[in-house]
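Encoded as structure tokens, the structure appears first; notes follow it.
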There are 2 protein chains.
Amino acid sequence: MASNRQKEIALAAVKLFEQKGYHATSVQDIADEVGLQKGSLYHYIHSKEDLLLQIAHEAITEFNDNLQAVLDTDMSAPEKLVKAVENHITVSVSNMETTTVLLREAFSLGDPQHQVIQDLTDKYVDLWTQVLEEGARSGEFHVREPKVVALAILGACNWVYRWYRQSGQLTPSQVARVFSDMFLNGLTSDNHPGVQQ
Amino acid sequence: MASNRQKEIALAAVKLFEQKGYHATSVQDIADEVGLQKGSLYHYIHSKEDLLLQIAHEAITEFNDNLQAVLDTDMSAPEKLVKAVENHITVSVSNMETTTVLLREAFSLGDPQHQVIQDLTDKYVDLWTQVLEEGARSGEFHVREPKVVALAILGACNWVYRWYRQSGQLTPSQVARVFSDMFLNGLTSDNHPGVQQ
DNA sequence: TAATTGACCAAACAGTCGTTTGGGATTAGA
DNA sequence: TCTAATCCCAAACGACTGTTTGGTCAATTA
């Protein structure tokens, strides 16, 4: 139901919101990017804020769906954690602009729009916490504060958009492996993976 | 040299930037907060942007100085890491408003002002990386990608301002301990601290 | 062919923005 | 006492904001 023009406008908005930030991007900027008069945009969007809400909503929903899919498998807890980290980093790097808008600009939404995103974000933390609680129950993880640990892991992953560059040394998967290796084995532990394919 | 009024204005700005964001805060808002006409503020500040720069600069400088002080001690690498995490989280929680402005709003600075903060932030990452490289050299840490691991730890710590509430269960020090326990020992390792005082 | 719809423009709306200016007060120094 | 600096106000500056309105043109439908 979303026309080409609507997608085009959303893409332009993502690009500009990422480059300049939500407030520093004017409706005029978006109109210029797609080659329309700014008034004409209002045939496709309800408001500038609604545009941001849609972008953020789509982004957080993808993260949630991916993590729920991992939880629904019969993997072990450590396997789930590795897979979840891999998913999160892969998705956030390959949709870097959208992820940046979600993590950096969603705060600019007023109520009640902001609450929609906040609720979905809370849900995401919940799912991560479930992974850790599962491992705690099975004895695979030693975790006394599953939620705090979940927030630590999520924080590390959500920081990636701030520093990852395509031109860098490591692929998203390699970064994910460095991350989950530390989360699972720690820095001082002995059982670290050797060189493997 | 900074007068009372200047400090008062800076404090008002921090409070409002944290609550509403930099762009959503008008010079009028700040003037109202300190009980002046907005034009009168310009006897104390060069520009709204300069106000943000000062706030961010002071914040990142404190983080840098603290971490440098830890590096200058003769602690072991694991001890330095624990201390650095403790410092970072304690500081960011007790100056939550300022930290939020640094981490969330500094992006709104235009060049070359943004580059000043970026350089100091890069320096901070460097210092963290040094901690890890030290541990790698001494054999205390098993780290193949010290910089990526530093960014992981820093990400976890820099996310705290997004979720920590004074009303929550854990003190900043307790959160720091959960964090560094995972960083050092991992979730699957056996040598976790028991209940200790 | 006639009527209707959707896409789009140009202009206006009603503000708000950060910053500058010129001039009163009040205070401090010479 | 005269001078100079400091503090602050009131007003204006020009530019820009997101959104609405009325209308034109082409394509689609009946």
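Below, chain A is the first sequence line, B the second, and so on; all start at residue 1.
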For atom NE2 of H43(B) and atom P of dG24(C), their distance in whole Å:
15 Å
Using a cut-off of 4.0 Å between protein heavy atoms and nucleotide atoms, how would you tag nucleotides 14-19 of chain C 5' to 3' with B, S and -?
---SBB
Euclidean distance, atom CG of residue L36(B) to atom P of dA25(C) [Å, nearest integer]:
18 Å
Calculate the interatomic distance between I9(A) atom CD1 and dC8(C) atom C1'; express it in whole Å.
11 Å
Determine, for E86(B) against K83(B), whether the closest basic-nitrogen to carboxylate-oxygen distance falls under 4.0 angstrom.
no
Can you tell me how far C1' of dC8(D) sits from CD of Q6(B), to the nearest Å?
15 Å
Does either side chain, that of D32(B) or that of Q28(B), offer a donor lying less than 3.5 Å from an acceptor on the other one?
yes
Any side-chain heavy-atom pair from V175(B) and T171(B) closer than 4.5 angstrom?
no
Between D126(B) and Q130(B), is there a side-chain donor-acceptor contact under 3.5 Å, judged purely by atom types and distance?
no
Regarding K15(A) and E97(A), does a basic nitrogen lie under 4.0 Å from an acidic carboxylate oxygen?
no
For L41(A) and dC8(C), what is the distance between atoms CG and P respectively, to the nearest whole Å?
10 Å
Respond yes when some side-chain nitrogen or oxygen of R5(A) is under 4.0 Å from OP1 or OP2 of dC8(C), and no when none is.
yes
Ignoring backbone atoms, test whether S40(B) places a side-chain nitrogen or oxygen under 4.0 Å from the OP1 or OP2 oxygen of dC7(D).
no
Under 4.0 Å between a side-chain N/O of Q37(B) and OP1 or OP2 of dC8(D), yes or no?
no
Is there a side-chain contact between L81(B) and I153(B) (heavy atoms, below 4.5 Å)?
yes
